Amino acid sequence: MINETIKSSLRQAMEQLGISPIPPEINMERPANRTHGDWSSNLALAVSKKVGKPARELAEQISGYMNANLPEGVEEVSMAGPGFINFKVTHRCLLQVLIEALEKGPDGFGRLDIGKGRKVNIEFVSANPTGPLHAGHARGACYGDAIASILSAVGFNAHREFYMNDRGLQMQIYGQSLQARKEGAAIPDGGYGGEYIIEWASLMPEGLSLSEIIEWGCAHAKQDQQETLAELGIHFDTWFSEKSMIENEGIERALEDLTTEGAAYEKDGATWLSSTKFGDDKDRVLVKSDGELTYLTPDIAYHRDKYERSDWLINVWGADHHGYVARMKAAMNALGNDPDDLSIQITQLVKLVRAGQEVKLSKRQGDIIELRSIIEEIGTDATRFMYLLQSVDSKQTFDLELAASRAMENPVYYVQMAHARLCSIERNAKDEGFTQVNLSLSELEVLTHAREIEILRYLETLPEVIELAARELAPHKIVTWTRDFANAVHGFYHDCYVIGDGVSTELTNARLNLVVASKTGLKVGLDLLGVTAPEKM
RNA sequence: GCCCUCGUAGCUCAGUAGGAUAGAGCGACCGCCUCCUAAGCGGUAGGUCACAGGUUCGAUUCCUGUCGAGGGCGCCA
């Protein structure tokens with residue numbers, strides 16, 4: 001990478017000029033303003049104090065030296081502002097990204113190996129098996145799946161996991177609700193009042209016992225959820241059953257070990273976790289005085305199980321669960337698992353509007369807008385793209401009507417259209433007898449138009465963007481890149497004809513390389529988001 | 001009361017491991033098709049980065065406080 005080359009030449013320049021101390025880490029960044037160059041270093045500003053000379057003076061000295069001894073791939077070094085050293089990269093160096101993208105293709109370009117095959121377990125959705133997935137599950141579903149894809153792309157061994165709370169009181173109530181609806185009776189107090197219960201009860205076989213009803217209901221809910229997730233292209237590696245930990249005594253063992261570690265105690269007829277010892281603000285009940293487990297206890301056993309199977313755990317939880325973070329980390333800490341290996345990502349709420357009007361998420365008692373109906377309304381691609389559009393740290397609002405529209409102001413269409421246009425150029429070129437053939441650097445040198453340079457510059461940043469998205473578990477950074485890159489593609493499309501009068505054969509061939517490389521970039525980005533890259537629209 | 005996330009253009013949001021003139025899309029206004037999808041491209045207007053302190057050569061970014069929005073503080077799940 002060119003920035004590595006620049007770093008070592010900076011270091012060399014300091015040595016030659018006798019400037020010390022040389023910092024262990026030299027910081028290279030992309031200047032916000034392109035006229036400042038392709039790369040920039042704040043080296044002079046950073047060391048100015050220690051060296052005892054003004055930053056501008058140091059920057060002047062270093063850039064002067066480097067201009068006289070230009071590293072490979074650098075065209076110009078300059079000092080600017082309060083003491084930045086800016087680098088302008090050569091045209092040839094910029095063109096290299098084309099060769100890389102074309103050689104690696106959509107399955108290789110932008111892939112890194114920072115994960116080194118480490119196992120990361122991503123638990124997300126984990127809806128109760130008592131009903132269909134609803135609007136509230138959408139953001140976590142899209143987010144969890146996207147970070148799993150991104151982490152895979154940077155060399156982690158990613159595992160998608162869904163935790164099913166298939167035991168406990170709420171399953172009893174769910175079963176009783178189904179049973180009541182089956183018999184045409186009123187649902188019990190605090191029961192599941194949703195419309196879907198009536199429908200599901202009618203699908204249920206006659207004459208089942210309550211425990212059989214629960215088993216049927218659980219399986220039915222799971223299947224229903226699986227279908228919805230499949231529509232979104234989300235497939236879990238593991239559906240982990242809470243009940244299975246009763247059968248294999250995992251919960252019991254967790255309780256015993258907490259007691260052995262001195263992290264659990266008895267009080268008022270209940271068993272408590274001394275979570276305050278490990279950073280929580282109060283102790284939490286593990287076993288209620290009636291002998292029933294709280295939600296926390298099986299979840300502790302479950303997380304411990306995940307620790308045994310993975311190097312890194314990521315949980316995607318809704319904002320309403322954030323209060324749960326401290327106690328889970330405390331419990332893991334008590335059991336001797338490093339809480340830093342557990343990342344808990346909280347997703348903030350999403351508000352839906354339709355044509356400017358807020359969409360009420362809960363329709364009536366027990367019924368919430370189903371995720372399925374959102375997918376039906378706006379389509380799979382728009383669902384994924386829109387839910388990934390913004391940082392999960394922020395509350396989000398988006399318009400269903402806009403997301404469903406086939407119009408330029410719809411960001412999904414804007415990006416997909418850029419890909420479709422590139423494909424269209426390829427098809428038209430083929431009709432004219434041109435097919436894309438990988439060219440050499442010198443043959444690509446005809447690509448000098450400002451629009452072409454802009455594409456090269458954006459394309460080059462994709463691997464960095466993927467790395468950042470992985471490091472920060474932030475898929476929306478990839479979304480932003482695809483939107484910016486699509487903008488560059490549309491500009492190129494508009495101003496640079498690939499085939500036609502006045503375009504030389506050499507230029508057509510070079511531009512076809514740019515077209516295919518750009519397609520690769522868009523495809524890589526969209527793949528990571530789980531959005532299709534259409535050939536035609 | 002305590003905890004979490006957020007507050008950036010009229011609207012929806014990027015940006016911040018401290019850096020140069022704070023960006024995009026939409027909306028408004030003005031241009032651009034005899035030519036690969038005008039489902040597009042370009043331009044103009046629009047900002048006290050909620051507010052007040054602090055740290056720093058430098059703060060939208062870090063710290064403290066205030067205000068505002070949403071969420072959470074159960075022997076519920």
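Just so it is clear, the values below take in all heavy atoms, side chains as well, and ignore hydrogens, waters and symmetry mates. On a predicted model such as this, the values are computed, not experimentally measured, just so you know. Lettering of chains follows the sequences in order, A, B, ..., and the numbering in each one begins at 1.
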(message) Output the pairing pattern of RNA chain B as a dot-bracket string, 5' first, Watson-Crick or G-U wobble with both distances under 3.5 Å, | for cross-strand pairs, [ ] for crossing pairs.
(response) (((((((..((((.....[...)))).(((((.......))))).....(((((..]....))))))))))))....

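- B:rG70 and B:rU56 have their C1' atoms separated by 34 Å, with the value rounded to a whole Å.
- Spacing between B:rC62 and B:rG25 at atom P, rounded to whole Å, works out to 27 Å.
- Where A:Glu409 and A:Ala319 each meet RNA chain B at their nearest nucleotide, the meeting point lying more 5' is that of A:Glu409.
- For the C1' atom pair drawn from B:rG53 and B:rA59, the interatomic distance equals 13 Å after rounding to whole Å.
- If you measure from atom CG of A:Asn27 to atom C1' of B:rG18, you get 11 Å, rounded to the nearest angstrom.
- One interatomic measurement links the two molecules: CG of A:Asn487 to P of B:rG25, which rounds to 6 Å at whole-angstrom precision.
- B:rC33 adopts a syn glycosidic conformation, its chi angle falling within 90° of 0.
- Panel note: side chain A:Glu242, backbone A:Gly168; no donor-acceptor pair is recorded below 3.5 Å.
- As judged by a 4.0 angstrom heavy-atom cut-off over every strand, A:Asn128 is placed among residues touching the sugar-phosphate backbone only.
- Among the protein residues, A:Tyr497 comes within range of the nucleic acid bases, having at least one heavy atom under 4.0 Å from a base atom.
- For A:Ser289 and B:rC75, a side-chain-to-base donor-acceptor distance below 3.5 Å is present, hydrogens and geometry of angles not being considered.
- Nucleic acid contact for A:Lys351: none, since no nucleic acid atom lies under 4.0 Å from a heavy atom of the residue.
- A:Lys49 has a side-chain polar atom (N or O) that falls below the 4.0 Å cut-off from OP1 or OP2 of B:rC57.
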(message) Test ring pair (Phe, Tyr, Trp, His ring centres under 6.0 Å) on A:Tyr414 and A:His490; report intermediate values, then the result.
(response) CA-CA 9 Å; A:Tyr414 184 81; A:His490 287 304; 4.6 Å; yes

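- Counting heavy atoms of neighbouring residues, nucleotides and ligands inside a 6.0 Å radius, atom CD of A:Glu215 does not exceed 12 of them.
- In this entry the distance linking CG of A:Leu468 with C1' of B:rU16 reads 11 Å, nearest Å.
- Look at the P atom in both B:rC57 and B:rA69: the space between them is 38 Å, to the nearest Å.
- Put simply, the side chain of A:Asp224 never gets that close to the backbone of A:His220: no donor and acceptor are under 3.5 Å apart.
- By the 6.0 Å contact criterion, NZ on A:Lys288 is enclosed, its count of non-hydrogen atoms from other residues, nucleotides or ligands being greater than 12.
- The distance between atom CG of A:Leu296 and atom P of B:rA77, rounded to the nearest whole Å, is 10 Å.
- The closest side-chain donor-acceptor pair between A:Asn86 and A:Ser40 falls under 3.5 angstrom.
- Spacing between atom CD of A:Glu454 and atom C1' of B:rC41 amounts to 12 Å, rounded to whole angstrom units.
- Listed for the A:Asn410 side chain is a donor-acceptor partner under 3.5 Å among the backbone atoms of A:Ala403.
- Taking atom C1' on both B:rC49 and B:rU16, the two are 11 Å apart, rounded to the nearest angstrom.
- The gap from the P atom of B:rA28 to that of B:rC11 amounts to 15 Å, rounded to the nearest Å.
- Using cut-offs of 30° and 60° for the angle between ring planes, the A:His321 and A:Trp317 rings count as tilted.
- Ring-plane geometry between A:Tyr163 and A:Phe240 is classed as tilted, the angle between the planes lying from 30 to 60 degrees on a 0 to 90 degree scale.
- Counted by atom type alone, A:Asp381 and A:Gln416 present one or more donor-acceptor pairs between their side chains at under 3.5 Å.
- Side-chain contact, A:Tyr174 with A:Asn128: no donor N or O sits under 3.5 Å from an acceptor N or O.
- Side-chain nitrogen and oxygen atoms of A:Tyr324 include none within less than 4.0 Å of the OP1 or OP2 phosphate oxygen of B:rC3.
- Here the nucleotide nearest the side chain of A:Leu349, chosen from B:rC41, B:rU56, B:rG70, is B:rG70.
- Stacking of A:Arg284 on the aromatic ring of A:Trp272 is not recorded, the 6.0 Å distance cut-off and the 45° axial limit not both being met.
- Salt-bridge check for A:Glu292 with A:Arg167: passed, with a basic side-chain N closer than 4.0 Å to an acidic carboxylate O.
- Residue contacts shown for A:Ala407 are absent, as no nucleic acid heavy atom lies under 4.0 Å away.
- B:rG74 and B:rA52 have their P atoms separated by 37 Å, given to the nearest Å.
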Report each atom pair, protein N/O against N/O of nucleotides 5-14 of chain B, whose distance is under 3.5 angstrom.
residue	atom	partner	partner atom	Å
B:rU5	O2'	A:Asp393	O	2.1
B:rC13	OP1	A:Thr397	N	2.6
B:rC13	O5'	A:Gln390	OE1	3.4
B:rA14	OP1	A:Ser391	N	2.8

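- OP1 or OP2 of B:rA77 lies within a sub-4.0 Å distance of a side-chain N or O belonging to A:Lys288.
- Below the 3.5 angstrom threshold, one finds no donor paired with an acceptor across the side chain of A:His322 and the base of B:rG72.
- Ion pair A:Lys306/A:Glu161 not flagged as a salt bridge, since none of the NZ, NE, NH1 or NH2 atoms sits closer than 4.0 Å to an Asp/Glu carboxylate oxygen.
- Residue A:Lys536 is the one, among A:Lys536 and A:Trp272, whose nearest nucleotide of RNA chain B lies closer to the 5' end (criterion: closest heavy atom).
- For the pair A:Arg327 and B:rC3, the criterion of a side-chain N or O lying under 4.0 Å from OP1 or OP2 is not met.
- When heavy atoms are screened at a 4.0 angstrom cut-off, A:Ala420 is found touching base atoms of the nucleic acid.
- Within 4.0 Å of A:Cys423, counting heavy atoms only, lies no atom of the nucleic acid at all.
- Within the nucleic acid shown, A:Arg511 has no heavy atom closer than 4.0 Å to any nucleic acid atom.
- Rounded to whole Å, the distance from CG on A:Asp290 to P on B:rC75 is 12 Å.
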With 3.5 Å as the limit, what N/O pairs link the protein to nucleotides 19-22 of chain B?
residue	atom	partner	partner atom	Å
B:rA20	N6	A:Ser40	OG	2.6
B:rA20	N6	A:Asn86	OD1	3.0
B:rA20	N1	A:Asn86	OD1	3.2
B:rA20	N1	A:Asn86	ND2	3.0

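- Rounded to a whole angstrom, the distance from the C1' atom of B:rC6 to that of B:rU21 is 28 Å.
- Nucleic acid contact for A:Thr294: sugar-phosphate only, since backbone atoms but no base atoms lie under 4.0 Å from a heavy atom of the residue.
- Among the atoms of the strands shown, base atoms are found under 4.0 Å from some heavy atom of A:Arg406.
- Distance, A:Asp495 CG to B:rC33 P: 13 Å, rounded to whole Å.
- The nearest whole Å value for the distance from the CZ atom in A:Arg421 to the P atom in B:rA39 is 8 Å.
- For the pair A:Arg457 and A:Glu460, the salt-bridge criterion is not met [side-chain N within less than 4.0 Å of a carboxylate O].
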